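A short write-up of the structure that comes next.
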Protein chains: 2
Amino acid sequence: MKPATPPPSGAWPLLVRLFFAQRANLPPLAAELRLSPAQCHVLHLIEPERPIPMGQLAETLACDASNVTGLVDRLESRGLVRRRPSAGDRRVKVLVLTPTGSRLRALLLDRMTAPPAALERLSLREERALVRILRRLLE
Amino acid sequence: MKPATPPPSGAWPLLVRLFFAQRANLPPLAAELRLSPAQCHVLHLIEPERPIPMGQLAETLACDASNVTGLVDRLESRGLVRRRPSAGDRRVKVLVLTPTGSRLRALLLDRMTAPPAALERLSLREERALVRILRRLLE
DNA sequence: CAGGATGGTTGACAACCTCAAGTATTAGGC
DNA sequence: GCCTAATACTTGAGGTTGTCAACCATCCTG
């Protein structure tokens, strides 16, 4: 039997592993809030007081526009989001969080942002360094 | 109009943002290899020469066992994976990559591991620090 | 050996996702 | 001003992903 996969050496492979590990962890959290992972992603992207056009959402999600239609249909039917006509262009519909949606979004971010136990293992120095580095990665 | 969301300050919120950004980036990559995101995840988890029981896969994916059945059905029908009876326990079936599956997996990891442009912005020092920190996060 | 736990499959059903086609609106060329 | 092309979203069909409940085969324990 071969040994377990040796830890990859570069930074990006490690991030990929962290990414997949984290991916597995979203469904239970979503279920807790009666949401699907995809709905969490959408809710995460609509900031309160910052309406976003549906097309832009599709682009950010890297998915087909018709998919966004369905996702928003379900979120809207639950009263979390509202479609509003755009002032400038009557073709586009912008999405706004309802108060309920806004509260649920805050709860979601709160849950997701609760640091996992693994983070406790970092020293204060390390955590600061990580923050600085991630900031640069995200622009 | 409010300003864009201020950058979160803790390490974990930043990781969450990186996670969501990365999530949007998987579907196009998967499509390029004629795979779905979920199939990528499975392929990522089956290491060559390291057969894994289906149940363990379900646990790692944090999904129902019946879901794994379907995923493996499709991967197997494409000749990427094979079910094999386990020596010790005749209830369990372990998954092995076929040579084709192994090649596709290598290609997948290669594509995913190609560092995005953002990583180039890090200095050598920062990258080393990031690697060290991520290693600790992943155990 | 009986009864219960465990690993995997099946079937029903909902959500997710893409593609192709359709509608409404906008923008550009004449 | 019009006619055409492009854009924003919706609809419908069809496959994938995911859950749950029920099921069979195998293991394990008393």
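Lettering follows sequence order; numbering is per chain, from 1. Just so you know, these numbers come straight off a predicted model, no measurement behind them.
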B/Leu75 CG to D/dG15 C1', in whole Å, measures 15 Å
Separation of D/dT19 atom C1' from B/Leu61 atom CG, nearest Å, is 14 Å
Taken to the nearest whole Å, NE2/A/His41 to P/C/dC16 is 13 Å
Between CG of A/Leu57 and C1' of D/dC9 the distance, given in whole Å, is 13 Å
> Are A/His44 and A/Leu109 side-chain neighbours, meaning at least one heavy-atom pair lies under 4.5 Å?
Replying inline: yes
*Check against side chain to side chain contact (heavy atoms under 4.5 Å, CB included), A/Leu80 and A/Leu97*: CA-CA 6 Å; A/Leu80 302 175; A/Leu97 288 181; 5.8 Å; no
The residue, B/Ser36 or A/Gly70, whose nearest nucleotide of DNA chain D is more 5′ is A/Gly70
Taking C/dC17, C/dT10, D/dT17 as options, the one with an atom nearest any side-chain atom of B/Ala38 is D/dT17
What residues 76-86 of chain A contributes to the DNA chain D interface at heavy-atom separation below 4.0 Å is A/Arg83
Rounded to whole Å, the CG-P distance (A/Asp73 to C/dC17) equals 14 Å
B/Thr69 has its side chain closest, among D/dC9, D/dT10, C/dG8, to C/dG8
Result for 5'-nearest mapping on DNA chain C, choosing between B/Met54 and A/Leu71, is B/Met54
Per-nt protein contacts along nucleotides 18-29 of chain C (heavy atom under 4.0 Å; B base, S backbone sugar-phosphate only, - none) come out as BB----BBS---
Q: Kindly determine whether A/Asp73 and A/Arg83 satisfy side chain to side chain contact (heavy atoms under 4.5 Å, CB included), including the steps that lead there.
A: CA-CA 9 Å; A/Asp73 279 349; A/Arg83 286 167 162 99; 2.9 Å; yes
Answer yes or no: does atom CZ of B/Arg78 have more than 12 heavy-atom neighbours from other residues, nucleotides or ligands under 6.0 Å? yes
Here the distance between atom P of C/dA14 and atom CZ of A/Arg34, to the nearest Å, is 17 Å
Whole-Å distance, B/Arg74 CZ to D/dG18 C1', equals 10 Å
When rounded to whole Å, the CG to P distance for the pair A/Leu26 and D/dT19 reads 12 Å
